[in-house]
Amino acid sequence: ATFATMVEGMDQSLADIRSSLERLGVENDTVVIFMSDNGSPSSCVRNKPLRGHKITAYEGGTRVPFAIYIPGKTESNIRLDTPIIIEDLFPTILELAGIKKRPRIVDGQSILPIIEGKQAPNDRPLIWHYPNYYDQPAYSSIRIRNWKLIYWHASQQSVLYNLAEDLSETTDLSSSNPRIRRHLSQTLGAYLRDVQAAMPIIQATQEPVPYPH
């Protein structure tokens, strides 16, 4: 009942926002973006077939709803399957606002070419890094197309999944696909080194967990 009440309350709030935009006459000048920050909390029913819950390394912790309305650019009932990440919103908003001068470093990329059908899915890596202990182990993960690798910090071991064939992430394909595992591990490790990502400390040695690969 609590969960249903929250969903109904959010639906009504979004409806109130859209109504207010129309009442103020700015609905054609306003971009509306809806996105969750995490997967479903552990206290809620699992979002099957996704495995895991909020903050976990699995799709149930990182795959979230996303919808965008751009006047004059988006159409109703259109679904795009190209994966994006929340860092893409900043450069997207800059482009929509016509901002030509950009910050020197911008994470993510504008998704307007994807929305406009000018860009096909590419091999851009999507990366998550969670070097903390909450109610699940610390990890780093990377997705390229349908391949996803999770690097567990405590064991310093990796698992590999093909999300197109195994959305529930039940079968580790590391042994049968060593070339893909190595490529994702190298790409993830190179990125974490480049940004000097913080890693947990190994108590026995007081040294940080090594980067993958």
Side-chain angles (χ1 to χ4, degrees), residues 33 35-39 52 54-64 66 81-97 99-114 118-134 136-164 169 172-175 177-213:
I33 298 173
M35 188 177 195
S36 175
D37 64 338
N38 280 292
K54 178 178 179 179
I55 304 179
T56 62
Y58 300 108
E59 292 295 281
T62 56
R63 181 182 292 235
V64 298
F66 173 79
D81 293 324
T82 302
I84 65 169
I85 197 165
I86 196 168
E87 285 87 349
D88 293 338
L89 294 187
F90 181 53
T92 301
I93 292 169
L94 290 180
E95 185 171 351
L96 285 169
I99 304 299
K100 302 300 182 182
K101 186 176 181 180
R102 304 294 179 88
R104 186 174 62 87
I105 298 176
V106 176
D107 294 325
Q109 65 183 32
S110 172
I111 63 173
L112 285 185
I114 297 174
K118 299 177 182 178
Q119 178 178 315
N122 55 36
D123 293 330
R124 176 176 66 128
L126 302 181
I127 293 174
W128 295 263
H129 181 60
Y130 194 81
N132 308 296
Y133 284 83
Y134 188 60
Q136 84 297 311
Y139 69 89
S140 301
S141 62
I142 180 172
R143 173 178 177 172
I144 298 180
R145 288 190 178 267
N146 289 315
W147 288 100
K148 177 179 174 182
L149 178 135
I150 303 172
Y151 174 66
W152 301 111
H153 294 175
S155 65
Q156 299 168 37
Q157 298 295 315
S158 298
V159 289
L160 178 69
Y161 301 107
N162 186 320
L163 298 180
E169 298 169 283
D172 179 14
L173 301 176
S174 297
S175 299
N177 294 271
R179 182 181 61 83
I180 294 175
R181 181 195 61 78
R182 184 167 55 253
H183 172 61
L184 265 65
S185 182
Q186 288 175 338
T187 304
L188 177 60
Y191 175 82
L192 295 177
R193 289 183 183 89
D194 184 57
V195 300
Q196 299 180 352
M199 299 295 286
I201 300 299
I202 302 172
Q203 291 187 356
T205 64
Q206 290 301 301
E207 294 292 329
V209 171
Y211 293 126
H213 204 78

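Remember, it's a predicted structure, so these values are computed and weren't measured experimentally.
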Do [X] and [Y] come within less than 4.5 Å of each other through their side chains, counting heavy atoms only?
X	Y	value
K148	V159	no
L192	L188	yes
D172	Q157	no
V106	F90	yes
Y191	I142	no
M199	H129	yes
F66	I33	yes

* **Residue Y134 excluded, over 12 heavy atoms near OH under 6.0 Å** => no
To the nearest 0.5 Å, how far apart are [atom1] in [X] and [atom2] in [Y]?
X	Y	atom1	atom2	answer
L163	E169	CG	CD	5.5 Å
T187	L149	OG1	CG	9.5 Å
L112	L94	CG	CG	10.5 Å
L184	I127	CG	CD1	9.0 Å
S185	I180	OG	CD1	13.5 Å

Heavy-atom donor-acceptor pair, [X] side chain to [Y] backbone, under 3.5 Å:
X	Y	value
Q196	R193	no
Q136	A57	no
Y211	A197	yes

Which atom names give the shortest non-hydrogen contact between [X] and [Y], and what distance separates them?
X	Y	result
A164	N162	N-OD1, 3.0 Å
N38	S36	O-OG, 2.7 Å
Y58	Y161	CE2-OH, 3.8 Å
R145	R143	O-NE, 2.6 Å
G108	D88	CA-OD1, 3.2 Å
P137	W152	CB-CE3, 4.0 Å

* To do: Start with the C-alpha distance between V209 and Y151, add both sets of side-chain angles, then the distance that settles side chain to side chain contact (heavy atoms under 4.5 Å, CB included), and finish with yes or no.
  => CA-CA 11 Å; V209 171; Y151 174 66; 3.8 Å; yes
